[in-house]
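Lettering of chains follows the sequences in order, A, B, ..., and the numbering in each one begins at 1.
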Amino acid sequence: MSIIEIALPDGSRRELPEGATAADLAAAIGPRLAKDALAASVNGQLSDLVRPLASGDSVAIVTPASAEGREVLRHSTAHVLAQAVCRLWPGAHYAIGPAITDGFYYDFELPNGEHFSENDMERIEEMMRTIVSEDQPFVRSEHSIDEGLALFADQPFKTEIITSVSTGANREDLAEVDASVVSAYRNTDSFVDLCRGPHVPRTSRLGHFKLMRVAGAYWRGDEKRPQLQRIYGTAWESADALKAHLYQIEEAKRRDHRLLGEELDLFSFPREIGPGLAVIHPRGGTIRRLMEDYSRRRHVQAGYEFVYTPHITKSELFETSGHLDWYRDGMYPPMELDEGQTYYLKPMNCPFHVLIFKSRPRSYRELPLRMFEFGSVYRYEKSGVVHGLTHVRGMTQDDAHILCTREQMRDELTNLLTFVLGLLREFGLNDFYLELSTRPAEKSVGSDQEWQEAEATLEEVARAEGLELVLDEGGGAFYGPKISVQARDAIGRTHQMSTIQLDFQLPQRFDANYIGADNAKHRPVMIHRALFGSVERFMAILIEHYSGALPTWLSPEQVVVVPVRDDHEEYATEIRDLLGASEVRARIEHADEPLGGRVRRAKTEKVPYILVVGDDDVAARTVGVNARSSESPERGVALTDFVSRLLAEIESHGLPEGR
RNA sequence: GCCGGUGUGGCGCAGUGGUAGCGCAACUGAUUUGUAAUCAGUAGGUCGUGGGUUCAACCCCCACCGCCGGCUCCA
């Protein structure tokens, strides 16, 4: 018998008899690996353990506690879900069931127009556990298109997939797959699923899963096609990993800005006003004012000028800008006035700013012209997508448009990116990566040269910042490339923050130009940019990032002074007034209930500093400092020391020196 | 928009085809207190809205509204 040679990830080589499988390889390496092995990665491609290896293959054994391992076991768990549903609802159609981040889903259509309800999850889960305990094998088979169609004759979604495979409709999937063959995985005589694989060897390798929710999902994501029911689940390699994930979900719930917004009395969505339209309460208003004030200050320093524009406009403006052509669905319906004029609420600020630029002839000496506005815009978001402050119908953008010459573009972008990151860091976000969206494949405006130059500049600028850069090939708008700053929050979620967008179209549509040094007309380049994105959404992200415990400089209330008895109130008042004189937001919690209760209230309100003052403090002009950030209170701190500490913290935004 | 869930005093929840309850908050009074809940009392709801079934609906049915989860992470 001949010998094959396999390369292992550590660079070593191992010889195996011909016909050996990845399972054999794992066994040859060690019993523990053999027991752990779920699948294999053969020359970078995931494959089943039982597939024979060829000489020269480089093979890595895939184990459960790895990204690939989880992907495989999640995908296999999805099959178990499908089988469970088919057992409980004979005749059910199953569509697709991939592994996704943290879990899997499967889309179904039940017979007789039946629907899952939330209560069914428990039954299905039970059936899944039965299937796991039956220790069914996953057996791969390969079929011709005709065989495949016969095998899945009663599964319309599967037959559609097979047909699309055979016609090569799904190119990217099949780059390396023979379009005349499909594969299937069989668990039992009665359950087989069309699938590329790979899968775990047996169902007993699964088990740490939980069905999370049921949701509607259109077949192929297309609203015009049938709506299926999607069951989402999560699956992990161990009970502990599952538990940790469920805990993480709980943690995210605890931080939900919608709940904290209510608890901390920051904002609300009165139903009298309408979905996605928030009112910001005084406490939330303080946060927002501080955010905006700080942003304004930074923008002034960075050479921006402030402009103000109306909330509504004649339709003509959005006809010229082109928004009515490609953004109409996102706009509130028009208002028809008596004189036959049509007005729209603005979904974007850019055309207004272009008009300011165009209000008189411009010289190259005026450029770059940087116009900033906290611009409130209204967008008619679909009713199902509005969500807290993050997806609303009325919001305020920290919007600016820079008009500059092409020669200035590079410097502007460079400075802009530094500016953005600097500003975001002041709010305590510090884990970023960048995403560059390049020219879309189909239609786009602007010359090749413009695009290339802009993309190259954005890329260069991104690299100069030394941040991770993710390429979103073809993801730019048709009118220009885009760079977006993504930030990771305290629990590792990423949020798209700032966007910087080049625009070759708008100056052209409005025929905006400037007179150059050569005394000829030139077209300026336009840069759209929002740093917070929407002020409301940014506020929501901060609330979640900090679990509502905003840094002292942003806290609606910074200090609560708690006199022990009411004869300490005079001293407490003095402290409050002293702080007030430095614009510190402080209030007194009067001595009409026990100290513990008053401290507790201030704690639940997440006030950064509670100052307890009693006999000792009045005598020595000290305070007892109970800081939000510390486990135990500090007694006898000199009042002057506390004040200077506090002011320094507020001034520095609580960030370390040399930030 | 579509699918599923949900809607009870300001907030968090209970509740049953037969006159609506608890905790917190609020208000009043007492309590004068050294670091996460002092005690007592009072008030507050046409049970999301509109229809229907019934002798009787918060509960059952229908419609609408709001909110929650999701709706191309692709055999």
Inset, instruction - Could I get the full list of salt bridge (charged side-chain N to carboxylate O under 4.0 Å, His left out) partners for A:R254, not counting sequence neighbours? - result: A:E251
Legend entry - Nearest-Å distance once atom C1' is located in both B:rC60 and B:rU53: 8 Å
Inset, instruction - Determine whether the side chains of A:W219 and A:E160 contain a donor N or O and an acceptor N or O closer than 3.5 Å. - result: yes
Inset, instruction - Give one of base, sugar-phosphate or nothing for A:E262, where a contact means two heavy atoms less than 4.0 Å apart. - result: sugar-phosphate
Legend entry - pair A:M212-A:L246: side-chain heavy atoms closer than 4.5 Å: yes
Inset, instruction - Identify whether any heavy atom of A:Y232 sits under 4.0 Å from a base atom; if not, whether one sits that close to sugar-phosphate; answer base, sugar-phosphate or nothing. - result: sugar-phosphate
Inset, instruction - Please determine if a side-chain N or O atom of A:R258 lies less than 4.0 Å away from the OP1 or OP2 oxygen of B:rG69. - result: yes
Legend entry - Minimum heavy-atom distance between A:V182 and A:G148, given as atom pair plus value: CG2-CA, 4.2 Å
Inset, instruction - Tell me which nucleotide among B:rG70, B:rG1, B:rG34 gets nearest to the side chain of A:D615. - result: B:rG34
Inset, instruction - Starting from C1' on B:rA26, measure out to CG on A:D265 and report it in whole angstrom. - result: 14 Å
Legend entry - C1' atoms of B:rG70 and B:rG50, separation to the nearest Å: 29 Å
Check nucleotides 3-7 of chain B for protein N or O atoms closer than 3.5 Å to its own N or O atoms and list the pairs.
from, atom 1, to, atom 2, distance (Å)
B:rC3, O4', A:Q227, OE1, 2.6
B:rC3, O2, A:G216, N, 3.0

Legend entry - Parallel, tilted or perpendicular, as decided by the 30° and 60° cut-offs, for the rings of A:H75 and A:H199: tilted
Legend entry - Which residue lies more 5' along RNA chain B, comparing A:I100 with A:V599 via nearest heavy atoms: A:V599
Legend entry - B:rU16 versus B:rG29 - spacing of their C1' atoms, nearest Å: 37 Å
Inset, instruction - State yes or no: are the ring centers of A:Y609 and A:F642 separated by less than 6.0 Å? - result: yes
Legend entry - Distance in angstrom units between A:I231 CD1 and B:rC71 C1', rounded: 15 Å
Inset, instruction - Find out whether A:L579 and A:L646 are in side-chain contact, i.e. whether some heavy atom of one side chain is under 4.5 Å from a heavy atom of the other. - result: yes
Legend entry - Pairwise C1' distance for B:rC55 and B:rG5, with rounding to whole Å: 34 Å
Inset, instruction - Starting at CZ of A:R70, measure out to OG1 of A:T234 and round the result to the nearest 0.5 Å. - result: 10.5 Å
Inset, instruction - Calculate the interatomic distance between A:E263 atom CD and B:rA25 atom C1'; express it in whole Å. - result: 13 Å
Legend entry - Side chain of A:R230 (C-beta onward), nearest among B:rG66, B:rC71, B:rU35: B:rC71
Inset, instruction - Sticking with atom C1', work out how far B:rG15 lies from B:rC22, rounded to a whole angstrom. - result: 11 Å
Inset, instruction - Starting from C1' on B:rC68, measure out to NE2 on A:H257 and report it in whole angstrom. - result: 13 Å
Inset, instruction - Assign A:R565 to base, sugar-phosphate, or nothing according to its heavy-atom contacts below 4.0 angstrom with the strands shown. - result: base
Legend entry - A:W326 and A:F478 aromatic centres sub-6.0 Å: yes
Inset, instruction - Find the distance A:I249:CD1 to B:rG70:C1' and express it as a whole number of Å. - result: 14 Å
Legend entry - Residues which pass ring pair (Phe, Tyr, Trp, His ring centres under 6.0 Å) with A:F191, listed by chain and number, not counting sequence neighbours: A:Y94
Legend entry - A:Y232 six-ring face occupied by A:R213 cation (under 6.0 Å, within 45°): yes
Legend entry - With A:Y380 via ring pair (Phe, Tyr, Trp, His ring centres under 6.0 Å) - residues at least two apart: A:Y332
Legend entry - Between B:rC68 (P) and A:L259 (CG): distance, integer Å: 10 Å
Legend entry - Given B:rG1, B:rA36, B:rC67, the nucleotide with the shortest approach to the side chain of A:P275: B:rC67
Inset, instruction - Would you mind classifying the nucleic acid contact of A:D617 as base, sugar-phosphate or nothing, using non-hydrogen atoms under 4.0 angstrom? - result: base
If you restrict it to nitrogen or oxygen atoms, what contacts under 3.5 Å exist between nucleotides 38-45 of chain B and the protein, and what is each distance?
none

Legend entry - Any A:T101 side-chain N or O less than 4.0 Å from OP1/OP2 of B:rC73: no
Inset, instruction - Run the ring-centre check on A:Y106 versus A:F108 and record whether the distance is less than 6.0 Å. - result: yes
Legend entry - 5′-ward residue of the pair A:P563/A:K382 relative to RNA chain B: A:K382
Inset, instruction - For B:rG23 and B:rU46, measure between their C1' atoms and round to the nearest Å. - result: 25 Å
Legend entry - A:E223 CD to B:rG70 C1', straight-line distance once rounded to whole Å: 14 Å
Legend entry - Sugar-phosphate only, base, or nothing, as touched by A:D616 at under 4.0 Å among non-hydrogen atoms: base
Inset, instruction - Extract the stems that RNA chain B is part of, considering only consecutive pairing runs of at least three Watson-Crick or G-U wobble pairs, both distances under 3.5 Å. - result: B:1-7 with B:65-71, B:10-13 with B:21-24, B:26-30 with B:38-42, B:48-52 with B:60-64
Inset, instruction - Take atom P in B:rC58 and the same atom in B:rG1, then report the distance between them in whole Å. - result: 29 Å
Inset, instruction - Take atom P in B:rU42 and the same atom in B:rG48, then report the distance between them in whole Å. - result: 28 Å
Inset, instruction - Give A:V385 one of three labels, base, sugar-phosphate or nothing, depending on what nucleic acid heavy atoms sit under 4.0 Å from its own. - result: base
Inset, instruction - Scan A:R601 against the nucleic acid and name what it touches under 4.0 Å (heavy atoms): base, sugar-phosphate only, or nothing. - result: nothing
Inset, instruction - Taking only the side-chain nitrogens and oxygens of A:H387, find out if one of them lies under 4.0 Å from OP1 or OP2 of B:rG69. - result: yes
Inset, instruction - Flag the pair A:R220 / A:I161 as yes when at least one side-chain heavy-atom distance between them is below 4.5 Å, and no otherwise. - result: yes
Legend entry - Any N/O donor-acceptor pair, A:Y105 side-chain to B:rG70 base, under 3.5 Å: no
